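Okay, here's the structure, questions in a sec.
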Amino acid sequence: MSEAHYNHRFIEHKWQQNWREKKLYQVENHSNKPAYYVLDMFPYPSGAGLHVGHPLGYIASDIVSRFKRQNGFNVLHPMGYDAFGLPAEQYAIQTGKHPAETTAENISRYRKQLDRIGFSYDWSREVRTCEPNYYKWTQWIFKQLFNHWYNANSNKAEHIDNLVAIFENEGNINVNHAGGEVEAFIAEEWLHYNKRQKEDILQQYRLAFIHETTVNWCEELGTVLANEEVKDGLSERGGYPVIKKPMRQWFLRITAYAQRLLDGLDTIDWSDSIKEIQRNWIGRSEGASVHFKIDQDKQNRSLEIFTTRPDTIFGATFMVVAPEHEWVSDLITSEQHDEATAYVEWAKNRSERERMSEVKNVTGAFTGSYCMHPFTGKLVPIWVADYVLGGYGTGAIMAVPAHDARDHAFAKKFGLDIVQVISNDEVDVQKESFDAKHGQCINSDFLNGLEVKEAIKAAIDFIKDKNLGEAQINYKLRDAGFGRQRYWGEPIPVVFDKDDIPSLIPDQELPLTLPTVESYKPTGSGESPLASMDEWVNTKQGRRETDTMPGWAGSSWYFLRYMDPENEQVIASKDAIKYWGQVDFYLGGAEHATGHLLYSRFWTKFLSDTNVLPFDEPFKKLVNQGMIQGTVESLYLRKEKINDVSHFVSADLVDNLDDFTQIPVHVDFVTDYKKTDAKSYLNVDGIRQFKEWRPEYDQAVFECSNGTVQNGTFEASDDSIEPVFYTKSEIGKMSKRWFNVVNPDDICEEYGADTLRLYEMFLGPLEDAKPWNISGIDGVYRFLKKTWKLFVDKDGNYLPNDQAADKKSLKTLHATIKKVSDDIQRISLNTCASTFMIAVNEFTEQKCTNKEVLEQFLIILSPFAPHIAEELWEMGGQSESIALAKWPTFDEKHLVEDSKNYPISINGKTRTNLELSLSLCKDEIEKAVLADAEVQKWLDGKPPKKVIVVPGRIVNLVV
RNA sequence: GCGGGUGUGGUGAAAUUGGUAGACACGCUAGACUUAGGAUCUAGUGCUUAACCGCGUGAAGGUUCGAGUCCUUUCACCCGCACCA
């Protein structure tokens, strides 16, 4: 006897247990079916648990997985955890609880939440980046990077031993590599270098290398941050100030792959916006490097600059070097010493934040030195200014104030010459620079009369001919800092000997496991908590590296480990990698555009160079799900206290926002939260709850338009009984921080996982950001109940039977098959949900009881709502899971119509409809339309000027 | 400033190749039924109008028999990058 009513709690529990026991979603690495790999970006298991936004992408990818499985693919659909990270460590600092412990707890909570939603993950393949048997391979990849260099001739990574062999034979004269600048040496010299010198040279070549640089130092977090982790001079996590500080750091030479990372974008199916973000980040620009001979230089040196506008070289009236430029102190003359040195010191000590916030405010100083203009031979002064960046190009520029806004501002401020060299009709270059890349050269000797584009070519040719420089390509992309002064990360498998020369620990000692420490507090000296563990740090081979790897290390290759998670010999077997190949479908947030998504592409290319992988792009197709937003509720608080008492003011009374700060309020206290057509507000009870929650405001006054509330009593200014204290409602992130989190568990409890799944899809296009709004969920729940009623009557009897299906039902079924099959493939999952609703409405109307039709419908519904589909499938006597059922084939013949209700438009406006046979030809249709009484009325007896007949679509008359 | 994206009812949104704009839902309005529910069913619901007409996809032009869709200009909002020479 089945349940008469749709009971989601019972059904979902039953089937989740059944799938688990049968290991239904476990897959093998061998199959005669084609492989398909569907991957979610694995989560960082935070203490807050999942909110309804997280599963959005997981639901979509689960639908694709189930769809592919039913279409005959062997589908790899795994899940795991990105388990190293700062929050667990900060929690440990506060509580002393080991990060491994909190991480494990968070993971088990995540798992429970995920299980309730009915995903088809193969959990036997779960990976956790913090497990030694996982990070063993992260360390192994690091070792490979250390042991390789980038050969710019063969355009791939090669083993460092090959490089050493070359050095021993012929020095580095013929070596063309991507990496640091190295002075030329011959074999003889190499052989005479000592160990230290050799290693210093090799460090310029290795893809993982240690290097003294200025880093983004965050005092508060006690760590170095990558550029990506710094936003506007503040740490992305926590918002603490970040300054520049010199430090010895591990780096990965991602810049070696800049061009390939750029080129590879053309081969993958990702959104334009993500590709553009990456292109922008890599920041390729073409131009020329030019040497400007320094006047009166004892060493006879030339200042090398990079420009994308060599066509404007005759307009270069001064030079600028960055304060970090290595020759700055040499360039500063004794007359200029005091002023220029003071400036350089000042500029170097400015924090990132100060530099950014004062972009408009140009600063700089004259060094006292001059360069010789390579084209004219004139002397041009050399300035130092921090608008030129030490890290880009050569850290020096030729300034062309007439055609570059920044140079222009600088010239104006310091009274330097402005010489126009590109003609234009719009701007007076003495007042404003003309930066556009078009116009003709003037005042430019042999370039005169040339268009900008031609002039660039001509100038580069000249530069090359005269040996003044060469054509050059620069990238904004920087090498990636790889060391973190943190505990909760992968130890870097390196020891330093007594001469401080780094070497790798041998493979058989991997994994180098993370020891237990007494304190997780950073040492403050910039070293990780590991540094205080003498017995761990000091080994026979030397002193261990105490930095750990950054968060992105483990996530840069995790998709490979799912293929063969237990393998102890290699990161994954060749066979497994060959069978599964690239990720066919990758789903996750767009916020990883310049982090994870770039680093994993880099590692994949590297592993491809070293023959670990047969492909060099990790993710063939990428879809970015939009954020599910929440409504943030806040109260307006006067910045100034009145008589030492805090005053909150109802939103309708607030005029000048500058006088107020916004204090977030827990949405549970708010009346009419998110109801349509109602403004949300606090009543007396809400105010009381708020004060209990934030006791520091216990004495506060709440001003509303109908009175004030203080100490729990409401003094009305009119005859109202209840205060209405309006809150400010804004669409924003769903986050613990804003107290507006909706837990998927609650939705599963009330409406069921199938409703949650279908509703999240129904909400709108997957890639769009959309606010979570509970009110629509009833419609989806009703739909599932209606679906249930197609199969089960009110007494619990199973309804479908073997009576022949009528034509209409077959038409509904096949239209649905077609639409849903197409829409899943173009990831238009919201329209699938509507299509199901239409189908169920039609079947209900048709009183369809044909078992075959209804069961085929269940199959296509099952990726979206697997539990109810499974239950109704079983009721029909099926013994195998619906997840293994074959996706129905669409048959055109059921959709063929013999007539069409033509819209008849007159002058482009639809006026009437006419039912006509589809077998009619154009002329016959025209005749029939003109004969129609309604049409005649519109024609008013006159013949139409023109008749357009589109058979099967529309008829349009022009009168 | 540069790059990417989005603007359609009271709300979430459909409209895949230019062919009946607003599917499917939410909400709302009436009504039915009743084991009074967060139930079910029926009808209506872009604006305007008694109705016809008219007007309607951010705005203004254009192409076309026909434009949400194509072209030009422009406005607003969101996201990313930003002193990158």
Side-chain angles (χ1 to χ4, degrees), chain A residues 5 232 271-281 283-285 287 305-309 312 320 355-356 358-362 385-389 391-400 403-407 409-410 435 474-478 590-591 593-594 626-627 675-677 731 750-751 759 762-765 767-783 785-786 789 794 819 822-823 826 828 830-838 841 901-913 944-950 952-959:
Chain A
H5 298 286
D232 301 327
S271 73
D272 287 340
S273 78
I274 294 276
K275 287 187 183 182
E276 273 310 310
I277 290 170
Q278 291 207 348
R279 282 193 192 107
N280 214 316
W281 191 259
R284 180 190 154 105
S285 58
I305 61 101
F306 174 73
T307 177
T308 56
R309 295 294 303 274
T312 63
V320 187
R355 265 177 107 147
M356 297 225 197
E358 290 169 32
V359 167
K360 296 265 141 51
N361 194 4
V362 223
D386 71 356
Y387 82 89
V388 172
L389 306 175
Y392 182 77
T394 60
I397 61 156
M398 66 173 197
V400 183
H403 304 291
D404 181 284
R406 294 152 304 175
D407 297 343
F410 195 84
D435 296 15
N474 264 338
Y475 301 91
K476 282 191 237 175
L477 187 69
R478 308 295 163 82
E591 67 273 20
T594 55
M627 207 183 3
K675 285 220 182 111
T676 8
D677 291 341
I731 298 291
E750 261 192 88
Y751 296 95
Y759 182 57
F762 187 62
L763 224 42
E767 308 213 11
D768 291 3
K770 44 208 163 259
W772 175 260
N773 195 337
I774 194 72
S775 63
I777 206 166
D778 287 319
V780 172
Y781 191 53
R782 247 169 245 162
F783 158 74
K785 283 193 282 193
K786 267 192 209 168
K789 286 202 289 190
K794 61 181 182 344
K819 175 84 174 139
D822 288 354
D823 284 359
R826 57 190 187 102
S828 172
N830 52 328
T831 50
C832 291
S834 320
T835 308
F836 292 135
M837 291 175 181
I838 294 168
N841 289 345
N901 192 18
Y902 278 93
I904 312 299
S905 56
I906 317 277
N907 291 335
K909 290 200 170 84
T910 310
R911 294 304 181 184
T912 182
N913 286 292
K945 260 192 213 154
K946 197 171 176 183
V947 181
I948 295 103
V949 178
V950 186
R953 282 209 188 266
I954 199 169
V955 178
N956 189 18
L957 306 180
V958 186
V959 186

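From a predicted model like this one, the values you see are computed outputs, not experimental measurements. Below, chain A is the first sequence line, B the second, and so on; all start at residue 1. Computed over heavy atoms, backbone and side chain alike; hydrogens, waters and symmetry mates excluded.
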Rounded off to whole Å, could you give me the CG-to-P distance for the A:L763 and B:A14 pair?
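In whole Å, B:A14 P and A:L763 CG are 11 Å from each other.
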
Does A:N956 make a side-chain donor-acceptor contact with the base of B:C65, cut-off 3.5 Å?
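Check passes, donor-acceptor contact within cut-off.
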
The side chain of A:S775 is closest to which nucleotide in this list: B:U40, B:C26, B:U20?
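Closest nucleotide to the A:S775 side chain: B:C26.
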
Is it the case that the side chains of A:S285 and A:Y392 hold a donor-acceptor pair, with the cut-off being a distance below 3.5 Å and no angle test?
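Judged by distance alone, the side chains do pair up.
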
How far does the C1' atom of B:U16 sit from the matching atom of B:A21, given to the nearest Å?
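About 16 Å, rounded to a whole number of Å.
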
Within the structure shown, what part of the strands sits under 4.0 Å from A:I277 by heavy-atom distance: base, sugar-phosphate, or nothing?
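Counting heavy atoms under 4.0 Å across all strands, the contact made by A:I277 is with sugar-phosphate only.
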
Are A:D823 and A:R826 ion-paired here, with the side-chain N under 4.0 Å from a carboxylate O?
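Looking at A:D823 and A:R826, the cut-off is met.
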
Does B:G68 pair with anything, Watson-Crick or G-U wobble, both distances under 3.5 Å, and if so, with which nucleotide?
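Check on B:G68: unpaired, no WC or wobble geometry under 3.5 Å.
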
Tell me which nucleotide among B:C24, B:U20, B:C53 gets nearest to the side chain of A:R911.
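The nucleotide sitting nearest to the side chain is B:C53.
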
Does any nucleotide pair with B:C2 by Watson-Crick or G-U wobble geometry, both distances under 3.5 Å, and what is it?
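Its partner is B:G80.
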
Nearest-nucleotide pick for A:L389, side chain only, options being B:G54, B:A85, B:A25
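In terms of side-chain proximity for A:L389, the closest of B:G54, B:A85, B:A25 is B:A85.
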
With a 3.5 Å cut-off and just heavy-atom distances, do the side chain of A:K819 and the base of B:U16 make a donor-acceptor pair?
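Indeed, a donor on one side and an acceptor on the other fall under 3.5 Å apart.
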
Between B:C81, B:A13, B:A85, spot the one nearest the side chain of A:D404, thanks.
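Within the option list, the nearest is B:A85.
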
Figure out the CD1/P separation between A:I838 and B:A14, and round it to whole Å.
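These atoms are roughly 13 Å apart.
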
In terms of side-chain heavy atoms of A:W281, which of B:A13, B:A82, B:U20 is nearest?
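Per side-chain heavy atoms of A:W281, the pick is B:A82.
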
Is the phosphate of B:A85 approached by A:Y387 (side-chain N or O, under 4.0 Å from OP1 or OP2)?
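So the side-chain polar atoms of A:Y387 never come under 4.0 Å of the phosphate oxygens OP1 or OP2 of B:A85.
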
Suppose we define a pair by two distances each less than 3.5 Å, Watson-Crick or G-U wobble; what does B:U45 pair with here?
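Its partner is B:G27.
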
Write down the partner of B:A50 under the Watson-Crick or G-U wobble criteria, each distance required to be under 3.5 Å.
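For B:A50, the partner nucleotide comes out as none, under the 3.5 Å rule.
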
Take A:S828 and A:T831 through the test side-chain hydrogen bond (donor to acceptor under 3.5 Å, both in side chains) and record every step on the way to the result.
CA-CA 6 Å; A:S828 172; A:T831 50; 2.6 Å; yes

Would you say the side chain of A:N773 lies within less than 4.5 Å of the side chain of A:S775, judging by non-hydrogen atoms?
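Yes, at least one pair of side-chain atoms sits under 4.5 Å.
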
Does A:R782 make a side-chain N or O approach to OP1 or OP2 of B:C26 shorter than 4.0 Å?
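Looking at the OP1 and OP2 atoms of B:C26, one of them is under 4.0 Å from a side-chain N or O of A:R782.
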
Can you check whether A:T307 reaches A:M398 side chain to side chain, under 4.5 Å on heavy atoms?
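SC-SC contact between A:T307 and A:M398 confirmed.
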
Using a 4.0 Å heavy-atom cut-off across all strands, classify A:Y781 as base, sugar-phosphate, or nothing.
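Nothing: the residue A:Y781, judged by heavy atoms under 4.0 Å, touches no strand.
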
Have a look at A:D822 and say if it touches a base, only the backbone sugar-phosphate, or nothing, with a 4.0 Å heavy-atom cut-off.
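Contact class for A:D822: none.
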
Any side-chain heavy-atom pair from A:T594 and A:I277 closer than 4.5 angstrom?
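Yes, side chains in contact.
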
With the side chain of A:D386 defined as its heavy atoms from C-beta on, choose the nearest nucleotide among B:C83, B:G27, B:A14.
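Of the options given, the side chain of A:D386 lies nearest B:C83.
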
Specify the separation, in whole Å, of atom CD1 of A:I954 and atom C1' of B:G18.
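My rounded result for the distance is 11 Å.
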
Side-chain N,O (A:N830) to OP1/OP2 (B:A14) below 4.0 Å:
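Indeed, a polar side-chain atom of A:N830 lies that close.
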
In whole Å, measure the gap between the P atoms of B:U74 and B:C26 for me.
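About 43 Å, rounded to a whole number of Å.
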
Return the pairing partner of B:A14 with a 3.5 Å limit on both distances, Watson-Crick or G-U wobble; otherwise return none.
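B:A14 is unpaired by these criteria.
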
Any A:K946 side-chain N or O less than 4.0 Å from OP1/OP2 of B:C65:
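Yes, such a contact exists.
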
Heavy atoms from C-beta onward define the side chain here; which of B:G4, B:G19, B:C24 lies closest to that of A:D272?
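Of the options given, the side chain of A:D272 lies nearest B:G4.
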
For the side chain of A:D823, starting at C-beta, report the closest nucleotide among B:U20, B:C83, B:U16.
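From the listed options, B:U16 comes nearest.
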
Gap between atoms CD1 and C1', on A:I274 and B:G3 respectively (whole Å)
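Distance check: A:I274 CD1 to B:G3 C1' gives 13 Å.
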
Please check: side-chain N/O of A:K275 versus main-chain N/O of A:S273, any donor-acceptor pairing under 3.5 Å?
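Not confirmed, A:K275 side chain does not pair with A:S273 backbone.
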
Considering just the side-chain nitrogens and oxygens of A:S285, establish if one lies under 4.0 Å of OP1 or OP2 belonging to B:A85.
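Looking at the OP1 and OP2 atoms of B:A85, one of them is under 4.0 Å from a side-chain N or O of A:S285.
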
Looking at A:G952, is its backbone amide N or carbonyl O close enough to the side chain of A:Y902 to form a donor-acceptor pair, meaning the two atoms are under 3.5 Å apart?
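Yes; at least one donor-acceptor contact below 3.5 Å.
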
Does the gap between the ring centers of A:Y475 and A:W281 come in under 6.0 Å?
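No, they do not, as the ring centres are separated by 6.0 Å or more.
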
Taking the same atom, P, in B:U57 and in B:G68, what whole-Å distance lies between them?
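To the nearest whole Å, 7 Å.
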
Over all strands shown, is A:V950 touching base, sugar-phosphate only, or nothing at heavy-atom distances under 4.0 angstrom?
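It contacts base atoms.
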
Any strand counts, and the cut-off is 3.5 Å on both contacts for Watson-Crick or G-U wobble. Which nucleotide pairs with B:U40?
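Pairing partner: B:A32.
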
Can you tell me how far C1' of B:A39 sits from NZ of A:K789, to the nearest Å?
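Whole-Å distance recorded here is 9 Å.
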
C1' atoms of B:U48 and B:G31, separation to the nearest Å
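Rounded to whole Å, the distance is 26 Å.
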
Whole-Å P distance, B:G80 and B:U69:
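So the two P atoms sit 29 Å from each other.
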
Hey, which of these two, A:K786 or A:G779, hits RNA chain B nearer its 5' end, going by closest nucleotide?
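The residue mapped nearer the 5' terminus is A:G779.
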
Value in whole Å for how far the P atom of B:C2 lies from CZ of A:R279:
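Whole-Å distance recorded here is 19 Å.
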
Say we look at B:U11 and B:C2: how far apart would their P atoms be, to the nearest angstrom?
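Those two atoms are separated by 33 Å.
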
Can you figure out which of B:A14, B:U16, B:A25 approaches the side chain of A:M837 most closely?
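Looking only at side-chain atoms, A:M837 lies closest to B:A25.
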
Sticking with atom P, work out how far B:C70 lies from B:U20, rounded to a whole angstrom.
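Nearest-Å result for B:C70 against B:U20 at atom P: 16 Å.
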
Stepwise, does the side-chain hydrogen bond (donor to acceptor under 3.5 Å, both in side chains) test hold for A:K946 with A:N956?
CA-CA 8 Å; A:K946 197 171 176 183; A:N956 189 18; over 6 Å; no

Identity of whatever pairs with B:U20 - Watson-Crick or G-U, under 3.5 angstrom:
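WC or wobble partner does not exist here.
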
Base, sugar-phosphate alone, or nothing: which one does A:E767 contact when heavy atoms must sit under 4.0 Å apart?
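It contacts nothing in the nucleic acid.
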
Which part of the nucleic acid, if any, lies within contact of A:S834, taking any heavy atom under 4.0 Å across all strands shown: a base, the sugar-phosphate backbone alone, or nothing?
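Base: the residue A:S834, judged by heavy atoms under 4.0 Å, touches a nucleobase.
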
In whole angstroms, how far is the P atom of B:G66 from the NZ atom of A:K945?
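For the pair A:K945 NZ and B:G66 P, the rounded distance is 11 Å.
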
Is B:G9 in the syn range, within 90° of 0, or in the anti range?
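Glycosidic conformation of B:G9: syn.
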
So if I take every side-chain heavy atom of A:I397 and compare against B:A85, B:A39, B:A13, which nucleotide ends up nearest?
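When the side chain of A:I397 is considered, B:A85 is the closest of B:A85, B:A39, B:A13.
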
C1' spacing across the pair B:U6 / B:A59, given as an integer number of angstrom
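After rounding to an integer number of Å, I get 16 Å for this pair.
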
Nearest-Å distance for atom pair OH/P, residues A:Y902 and B:U20:
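After rounding, the gap between these two atoms is 13 Å.
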
Under 3.5 Å on both distances, the Watson-Crick or G-U partner of B:A85
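Across any shown strand, B:A85 pairs with none.
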
Quick check: on RNA chain B, is the nucleotide nearest A:G776 upstream (toward 5') of the one nearest A:G391, or the reverse? Name the residue that is more 5'.
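Result of the comparison: A:G776.
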
